[in-house]
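Reviewing the structure listed below.
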Number of protein chains: 4
Amino acid sequence: MADVGGIAGAQLRSFIERIERLEEEKAGLAADIREVYAEAKGTGFDAKVMRQIIRLRKMEQADRQELETLLDLYMAALGMADLPPGDSED
Amino acid sequence: MADVGGIAGAQLRSFIERIERLEEEKAGLAADIREVYAEAKGTGFDAKVMRQIIRLRKMEQADRQELETLLDLYMAALGMADLPPGDSED
Amino acid sequence: MADVGGIAGAQLRSFIERIERLEEEKAGLAADIREVYAEAKGTGFDAKVMRQIIRLRKMEQADRQELETLLDLYMAALGMADLPPGDSED
Amino acid sequence: MADVGGIAGAQLRSFIERIERLEEEKAGLAADIREVYAEAKGTGFDAKVMRQIIRLRKMEQADRQELETLLDLYMAALGMADLPPGDSED
DNA sequence: CTGCCATTTTACCGGC
DNA sequence: GCCGGTAAAATGGCAG
């Protein structure tokens with residue numbers, strides 16, 4: 001610990017408050033998201049399915065990134081420069 | 001689902017994208033929070049202690065909320081109004 | 001998985017069954033709890049209020065725990081032992 | 001509410017304590033279950049897969065019960081007595 | 001049958 | 001780099 005009861009106390013307090021503020025904003029966004037789900041539900045969509053879709057899209061994106069990372073690795077290993085995106089073929 | 005292949009597709013897409021956007025912002029805030037922890041750590045504070053403090057503060061606040069809820073419940077059970085001031089209802 | 005189709009199958013089955021057994025008991029207790037709530041309701045108590053009280057008590061207890069944890073963390077950070085009494089160490 | 005501050009208080013306390021006791025036991029079982037998962041993990045099994053299996057088995061069992069319930073309904077509708085299991089015909 | 005709450009499960013983050 | 005614990009998300013159950 002830095003300095004119990006000294007100047008560090010004020011600094012710690014500052015850090016804590018910054019974090020709490022950010023967490024509040026985060027909670028606000030979570031609330032917004034819930035609202036959107038609710039609205040979608042009101043329009044006849046099933047939230048559970050929607051969540052699945054979003055999860056899937058995220059994973060596909062992650063896979064894509066992983067693939068690109070792997071590609072970069074291979075290319076680096078081969079001594080080839082980074083080709084512009086959109087030119088990869090399978 | 002509302003209408004597979006119909007106009008609902010566009011609507012669903014819109015909902016999904018709104019959510020994804022919000023989630024992105026949320027992830028951004030999470031990153032910010034991590035940064036603050038890192039900065040604090042760099043100044044000599046222990047993240048574990050900080051998290052504990054924040055958790056404790058949140059719980060104290062939650063306790064307060066719980067107590068109020070309990071009070072409201074009791075008052076409702078006793079047939080007392082506890083309406084917010086200025087809120088008239090017919 | 002350890003060994004598909006080998007002896008591991010029996011082992012897995014054993015784990016699964018142990019868990020299922022425990023879950024059954026757990027479900028039994030949940031049923032018991034529901035019964036108590038029902039009985040209380042029959043005596044004129046409001047389950048919602050009861051739940052709130054129980055939640056509050058649990059949180060107060062949790063707060064206590066958190067405070068102790070925090071204290072331990074501080075003491076550890078300050079290099080103080082906080083060993084249980086009677087626990088000698090060389 | 002029954003009687004704020006009267007004899008009901010003792011009764012309420014009793015109910016609360018019974019519930020808290022049961023919840024404690026329930027928590028104990030949850031801990032046991034976690035232990036089994038841990039043990040299984042130590043033997044090389046993946047907890048996530050195990051959970052999936054257990055969920056599946058439960059659903060199958062639920063389906064079976066649903067089927068039996070449905071069968072009972074049909075039989076009742078047909079004015080037929082409860083036949084011993086294994087004697088169902090379509 | 002809808003909304004709320006508890007529980008459970010998954011994902012993340014820090015420690016060893 | 002993995003593991004353990006901790007926080008968030010999500011699912012399921014319950015009351016109204």
Side-chain angles (χ1 to χ4, degrees), chain A residues 19-20 22-23 26-39 41-42 44 46-56 58-59 62, chain B residues 19 22-23 26-27 29-38 40-41 45-56 58-59 62 65-66 69 73 76, chain C residues 19 22-23 26-27 29-31 33-38 40-41 45-56 58-59 62 65-66 69-70 73 76-77, chain D residues 19 22-23 26-27 29-31 33-35 37-39 41-42 44 46-55 58-59 62:
Chain A
I19 290 167
E20 283 177 342
L22 290 166
E23 297 249 7
K26 190 146 81 76
L29 282 173
D32 291 351
I33 290 169
R34 243 174 296 136
E35 267 182 69
V36 178
Y37 275 117
E39 191 187 336
K41 187 176 187 175
D46 178 10
K48 196 168 173 178
V49 176
M50 288 175 67
R51 285 176 199 281
Q52 203 69 21
I53 291 170
I54 287 167
R55 205 182 305 164
L56 212 60
K58 205 192 304 190
M59 286 181 68
Chain B
I19 291 167
L22 290 166
E23 299 247 6
K26 191 146 79 75
L29 282 173
D32 291 350
I33 290 168
R34 232 173 303 134
E35 265 182 71
V36 178
Y37 275 117
K41 189 175 185 175
F45 292 108
D46 177 9
K48 196 168 176 181
V49 175
M50 289 176 65
R51 283 177 198 281
Q52 197 71 16
I53 292 170
I54 287 167
R55 201 185 312 158
L56 192 59
K58 205 192 306 191
M59 288 189 80
Q65 294 266 94
E66 296 277 301
T69 303
L73 281 172
Chain C
I19 290 167
L22 290 166
E23 299 247 5
K26 191 147 79 76
L29 282 173
I33 290 168
R34 236 173 301 135
E35 265 182 71
V36 179
Y37 275 116
K41 189 174 185 174
F45 292 107
D46 178 8
K48 196 169 176 180
V49 174
M50 290 176 65
R51 284 176 198 281
Q52 196 73 15
I53 291 169
I54 288 167
R55 201 183 313 159
L56 193 59
K58 204 193 304 190
M59 288 189 79
Q65 294 266 94
E66 296 276 303
T69 304
L70 193 54
L73 280 171
Chain D
I19 290 167
L22 290 166
E23 298 249 7
K26 190 147 80 76
L29 283 173
I33 290 169
R34 239 172 301 133
E35 266 182 69
Y37 275 117
E39 193 186 336
K41 187 176 187 173
D46 176 11
K48 198 168 172 178
V49 175
M50 289 176 67
R51 286 175 199 283
Q52 203 69 21
I53 290 170
I54 287 167
R55 204 182 306 163
K58 205 192 303 188
M59 285 182 69

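Sequence lines set the chain letters: A, B, ... in the order given, protein chains first and strands last, and positions in each chain run from 1.
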Given atom CD of D:Glu39 and atom P of F:dC3, what is their separation to the nearest angstrom? 17 Å

Using the side-chain hydrogen bond (donor to acceptor under 3.5 Å, both in side chains) criterion, which residues pair with B:Gln52? Sequence neighbours excluded. B:Arg55, C:Glu66

Without decimals, in angstroms, what is the distance between A:Lys58 NZ and F:dA8 C1'? 11 Å

For the atom pair CD1 (B:Ile33) and CD (A:Glu20), what is the distance rounded to the nearest 0.5 Å? 10.5 Å

Using atom CG of C:Leu56 as one end and atom P of E:dA6 as the other, report the distance to the nearest whole Å. 13 Å

Please report the interatomic distance CD1(C:Ile53) to CZ(C:Phe45), rounded to the nearest 0.5 Å. 9.0 Å

Heavy atoms of A:Val36 and B:Ile19 approach each other most closely as CG1-CG1, 3.5 Å

How many whole angstroms separate atom CD of B:Glu23 from atom P of E:dT10? 17 Å

Nearest heavy atoms of C:Ala30 and D:Lys26, plus distance in Å: N-CD, 4.1 Å

Between A:Lys26 and F:dA8, is there a side-chain N or O to OP1/OP2 distance below 4.0 Å? yes

note: D:Ile54, atom CD1; E:dT7, atom P; distance rounded to Å ~ 19 Å

Gap between atom NZ of B:Lys58 and atom CZ of B:Arg51 - 0.5 Å precision: 10.5 Å

Rounded distance in Å - CD (B:Glu35) to P (E:dG14): 13 Å

Rounded to the Å, how far apart are B:Gln65 CD and E:dC5 C1'? 16 Å

Anything under 3.5 Å between a protein N or O and an N or O of nucleotides 14-16 of chain F, put it in a table, one pair a line.
unit_1 : atom_1 : unit_2  : atom_2 : d
F:dC14 : OP1    : C:Arg34 : NE     : 2.9
F:dC14 : OP1    : C:Arg34 : NH2    : 3.4

Whether C:Arg55 contacts E:dA6 is assessed here as follows: a side-chain N or O lying under 4.0 Å from the phosphate OP1 or OP2. Is that the case? yes

Contact nearer the 5' end of DNA chain E, comparing B:Ala30 with D:Gln52: D:Gln52

Rounding to an integer number of Å, can you tell me how far C:Leu73 CG sits from F:dG5 C1'? 13 Å

